[in-house]
There are 2 protein chains.
Amino acid sequence: MADMSIGQAAERSGCTVATVRHYEDEGLLKAIGRASNGRRVYGWPDIHRLRFVRRCRDLGFSIGDVRTLLGAADAPSPDCLAVRDMAVAHIDRLRLMRAEIDTLERSLLSLANTCNEACATGRSPACTIVEDLGATASG
Amino acid sequence: MADMSIGQAAERSGCTVATVRHYEDEGLLKAIGRASNGRRVYGWPDIHRLRFVRRCRDLGFSIGDVRTLLGAADAPSPDCLAVRDMAVAHIDRLRLMRAEIDTLERSLLSLANTCNEACATGRSPACTIVEDLGATASG
DNA sequence: GTGCATCCTCAGGTAACATGAGGATCAAGC
DNA sequence: GCTTGATCCTCATGTTACCTGAGGATGCAC
């Protein structure tokens, strides 16, 4: 069950083959073995590491973040506090993103309503949606 | 007051100089005049167009979207319904993004709590945040 | 006339992979 | 043994929306 191909490693870690190679290029994996024919050989520890990276990326961490997290996880006594701090910092980033999204949604809704009211049955010269899009204000 | 340099155009449209040139390269601006010394010359219509593009980008539309929007706006009788449809479609995208952010935030919060509870006073071998990050589950 | 700011045109970098070229190898079926 | 299709390899380029820098010309103030 050990000694998997890159295709199997990709499937079992939830990555694409290209992504697995990319993570290796980025130095996120420990030395990957090669068979005599030159093909990469993966074991379960590699699969777990790939899943870790994949999950961190899904959580929105950058490759650089993951490098740091792996460094913390690889340490003799993992620095959980550093990991928690990165998580907390990332939560703050997510909240900012959500606030921006909320603002954008309100702007777009009022924009769309401009058209809904003026053009209930079709195009109307009274619709100002195009001009509104060009307005200077920031919403 | 007309005949502005690219620097002035950038300042008045809320873009950087590089971005103004980029939008021109992307074909989002109508033909920009040149002075005898080869420098670009902008008028107010160009500034308005730049603001339009900038605002659309801030609203999250891609350059391709903006191209479509400009096409609609440039038409003899602007197709406001097409513009509204793009706005509505974009609102849907924003809502999906927000849902993902909410999920990520919950994951990260429970992750951080793992550490908060186990390591109130410092690192603790009881903290599972590092292993939790590597967990397979997606929720 | 001496600087410094601004402008010009390429060219290459950024993030995180995806895609494709061109070629080798493997496993299955006949 | 041979063909066929899937998988693998490396290397190069594409994607998005710009940013940064090289190398050089110009404009404006003192």
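Reminder, nothing fancy here: chain letters follow the sequence lines and each chain counts from 1.
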| How many angstroms lie between atom CZ of F52(A) and atom CG of L28(A), to the nearest 0.5 angstrom? | 10.0 Å

| Residue closer to the 5' end of DNA chain D, E26(B) versus G38(A) (nearest nucleotide) | G38(A)

| Starting at the 5' end of DNA chain D and moving along, which residue's nearest nucleotide shows up first, R57(B) or S5(A)? | S5(A)

Integer-rounded Å distance: [N] [atom2] and [X] [atom1]:
X      : N       : atom1 : atom2 : answer
I6(B)  : dA25(D) : CD1   : C1'   : 16 Å
I63(A) : dG13(C) : CD1   : C1'   : 17 Å
D3(A)  : dT7(D)  : CG    : P     : 19 Å
R40(A) : dT10(D) : CZ    : P     : 4 Å
D25(B) : dC10(C) : CG    : C1'   : 11 Å
L28(B) : dA17(D) : CG    : C1'   : 11 Å
H22(A) : dT13(D) : NE2   : P     : 18 Å
Y42(B) : dC7(C)  : OH    : P     : 9 Å

| message | I6(A) vs I32(A), test: side chain to side chain contact (heavy atoms under 4.5 Å, CB included). Steps then yes/no. | response | CA-CA 10 Å; I6(A) 193 171; I32(A) 298 298; over 6 Å; no

Looking at [N], I'd like to know if its phosphate oxygens (OP1 or OP2) sit under 4.0 Å from a side-chain N or O belonging to [X].
X      : N       : answer
Y23(A) : dC17(C) : yes
T19(A) : dA18(C) : yes
R39(B) : dG27(D) : no

| field | Presence of salt bridge, R57(A) and D65(A), under 4.0 angstrom | value | no

| query | Taking for each residue the nucleotide of DNA chain C with the nearest heavy atom, is it T16(A) or N37(A) whose nucleotide lies nearer the 5' end? | reply | T16(A)

Checking all strands, does [X] fall into the base, sugar-phosphate, or nothing category for heavy-atom contacts under 4.0 angstrom?
X      : value
R34(A) : sugar-phosphate
R54(B) : sugar-phosphate
F61(B) : nothing

| field | D46(A) vs V41(A), side chain to side chain contact (heavy atoms under 4.5 Å, CB included): CA-CA, chis, key distance, verdict | value | CA-CA 9 Å; D46(A) 301 317; V41(A) 178; over 6 Å; no

| message | Under 3.5 Å, is there a donor on one side chain and an acceptor on the other for R54(B) and Y23(B)? | response | yes

